[in-house]
Protein chains: 2
Amino acid sequence: MRAVGPKREDLEALHEEVRDRLRSADQLFTTGRRRLVELLAEVGRPVTIPQLIAADSGVALSSAYRNMAVLEQVGVVARIVSSGEHARFELTEAVMGHHHHHLICSTCGRVDDFTVPDDVEQAIEDALAEVATDSDFLASSHRLDLVGTCVGCASTSG
Amino acid sequence: MRAVGPKREDLEALHEEVRDRLRSADQLFTTGRRRLVELLAEVGRPVTIPQLIAADSGVALSSAYRNMAVLEQVGVVARIVSSGEHARFELTEAVMGHHHHHLICSTCGRVDDFTVPDDVEQAIEDALAEVATDSDFLASSHRLDLVGTCVGCASTSG
DNA sequence: GCCCTCACTGGGATTCGGTCTCAATCCGCC
DNA sequence: GGCGGATTGAGACCGAATCCCAGTGAGGGC
Ligand SMILES: [Mn+2]
Ligand SMILES: [Mn+2]
Ligand SMILES: [Zn+2]
Ligand SMILES: [Zn+2]
């Protein structure tokens with residue numbers, strides 16, 4: 001169930017959604033953009049542009065960055081900057097339909113998804129709502145990251 | 001009580017701690033490094049190097065970055081990268097002695113601190129411990145950010 | 001306090017992720 | 001198929017951060 005691409009009909013629905021979102025922003029759903037969305041859906045984890053290019057050499061650097069910006073603009077893609085290295089991109093929660101958080105390996109930069117139980121999520125949201133009120137802050141989302149060392153890096157560095 | 005610099009004896013203790021940490025890494029506690037620590041303690045909020053230079057024109061760009069890296073190495077300073085703009089720096093929880101989280105303004109990049117009630121913090125830690133176990137991930141810390149718009153940006157943009 | 005040595009400093013060159021430019025190409029539409 | 005405007009992509013460009021190295025300062029030995 002892990003690291004396997006989405007089922008066929010899910011991918012179709014995803015493309016439909018992306019097409020609609022692009023259209024309402026007067027943007028075309030070109031093959032290049034379709035490919036980016038497909039790659040992101042396939043990988044199922046935040047990836048860098050160089051990684052995408054390595055996975056599909058048909059992707060051009062400048063176009064990839066430009067299209068990621070467009071897809072970000074219309075709410076299809078989220079940009080993750082956690083370190084000074086390459087930014088990473090993933091499909092948004094709005095498009096994927098589930099809220100999650102990130103395991104971040106501070107050694108290799110790898111990012112994986114995880115979720116916490118609903119009651120914990122709720123407790124967090126309640127606490128944050130109060131913080132926002134107290135600080136006159138207009139909250140739009142929260143981020144919960146677990147930082148450490150991934151399996152690969154742990155075994156490598158022995 | 002807010003935005004006011006630390007009391008005198010706290011600052012002394014802080015310098016003591018920083019000196020020790022630098023010494024055990026065979027690093028000198030130079031005036032430049034002392035000044036960085038003082039500035040960070042004074043501001044009490046994650047700031048960029050350009051901001052530090054604006055606040056104290058005696059700080060040199062390359063030295064500031066190099067010393068921040070050194071101070072980061074010895075656990076005195078934490079680097080925060082949240083966006084593609086300038087990184088921000090703050091004194092670590094290890095040195096300041098209290099755990100906290102960040103309010104991040106996605107408009108101007110400003111970062112402020114906040115805390116959540118102990119029981120929520122505990123619930124988060126428990127949940128994350130379980131996630132780490134299930135994922136074979138060696139967790140070293142967590143991050144909880146509230147992303148949105150700060151008061152200043154909210155009033156400015158109408 | 002005064003040297004001597006060696007780490008530190010800082011201005012500028014350099015790196016490098018990401019953006020911008022613009023002519024060639026593709027897309028949607030007729 | 002043909003037209004007009006959006007998109008593409010190779011490379012120029014930008015800017016945050018690092019690197020280099022000659023000049024400076026810190027601190028141990030005296
Ligand atoms: Mn994710
Ligand atoms: Mn902070
Ligand atoms: Zn790793
Ligand atoms: Zn703001």
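Just so it is clear: chains get the letters A, B, ... in the order the sequence lines come, proteins before strands, and each one is counted from 1. Model, not experiment: these values are computed from the prediction.
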At under 4.0 Å between heavy atoms, what does B:Arg66 touch on the DNA or RNA strands: base, sugar-phosphate, or nothing?
-> base

Heavy-atom nearest nucleotide on DNA chain D taken for B:Glu85 and for B:Leu28; more 5' hit belongs to B:Glu85

Round to the nearest Å and state the distance from B:Met68 atom CE to D:dA17 atom C1'.
-> 13 Å

Contact class for B:Ala69 (heavy atom, under 4.0 Å): base, sugar-phosphate, or nothing?
-> nothing

Remember a base hit wins even if backbone is also touched, and classify B:Arg79 as base, sugar-phosphate or nothing at under 4.0 Å, heavy atoms.
-> sugar-phosphate

Under 3.5 Å donor-acceptor pair, A:Ser62 side-chain atoms to D:dA10 base atoms = yes

A:Ser63 has its side chain closest, among D:dT8, D:dG27, D:dA6, to D:dT8

For the helix from C:dG1-D:dC30 to C:dC30-D:dG1, how many degrees between its two end axes (five pairs per end), to the nearest 10°?
-> 40°

At the 4.0 Å heavy-atom cut-off to chain A, mark where contacts on DNA chain C begin and end, going 5' to 3'.
-> C:dG17 to C:dG28

To the nearest Å, give me how far apart CG (A:Asp26) and P (D:dG4) are.
-> 20 Å

Figure out the CG/P separation between B:Leu61 and D:dC19, and round it to whole Å.
-> 14 Å

Is there a donor-acceptor contact under 3.5 Å linking the side chains of A:Arg21 and A:Gln27?
-> no

May I have the step-by-step check of side-chain contact (heavy atoms from CB on, under 4.5 Å) for B:Thr115 and B:His101, ending in yes or no?
-> CA-CA 6 Å; B:Thr115 56; B:His101 299 286; over 6 Å; no

With sequence neighbours excluded, tell me which residues meet side chain to side chain donor-acceptor pair (under 3.5 Å) with A:Gln73.
-> none

A:Asn67 vs D:dT7: side-chain N/O to OP1/OP2 distance below 4.0 Å | no

Rounded to whole angstroms, how far apart are NE2 on B:His86 and P on D:dC14?
-> 16 Å

All side chain to side chain donor-acceptor pair (under 3.5 Å) counterparts of B:Gln51, not counting sequence neighbours = none

In chain order, what residues pass the side chain to side chain donor-acceptor pair (under 3.5 Å) check against B:Arg34, with sequence neighbours excluded?
-> B:His15

D:dA16, D:dA10, D:dA6: which one has an atom nearest the side-chain heavy atoms of B:Tyr65?
-> D:dA16

Consider only side-chain N and O atoms of A:Asp126 and A:Gln122, and report whether a donor and an acceptor are under 3.5 Å apart.
-> yes

Between B:Ile49 and A:Ala60, whichever has its closest DNA chain D nucleotide further toward 5' is A:Ala60

For the pair made of CZ in A:Phe29 and C1' in D:dA6, what is the distance, rounded to whole Å?
-> 16 Å

For A:His99 and A:Glu121, test the side chains for any donor-to-acceptor distance below 3.5 angstrom and give the result as yes or no.
-> yes

Electrostatic pair A:Arg35:A:Asp56 at N-O distance under 4.0 angstrom = yes

Those residues at least two apart in sequence (or on a different chain) that pass ring-ring contact (aromatic ring centres under 6.0 Å, His included) with A:His102 are A:His100

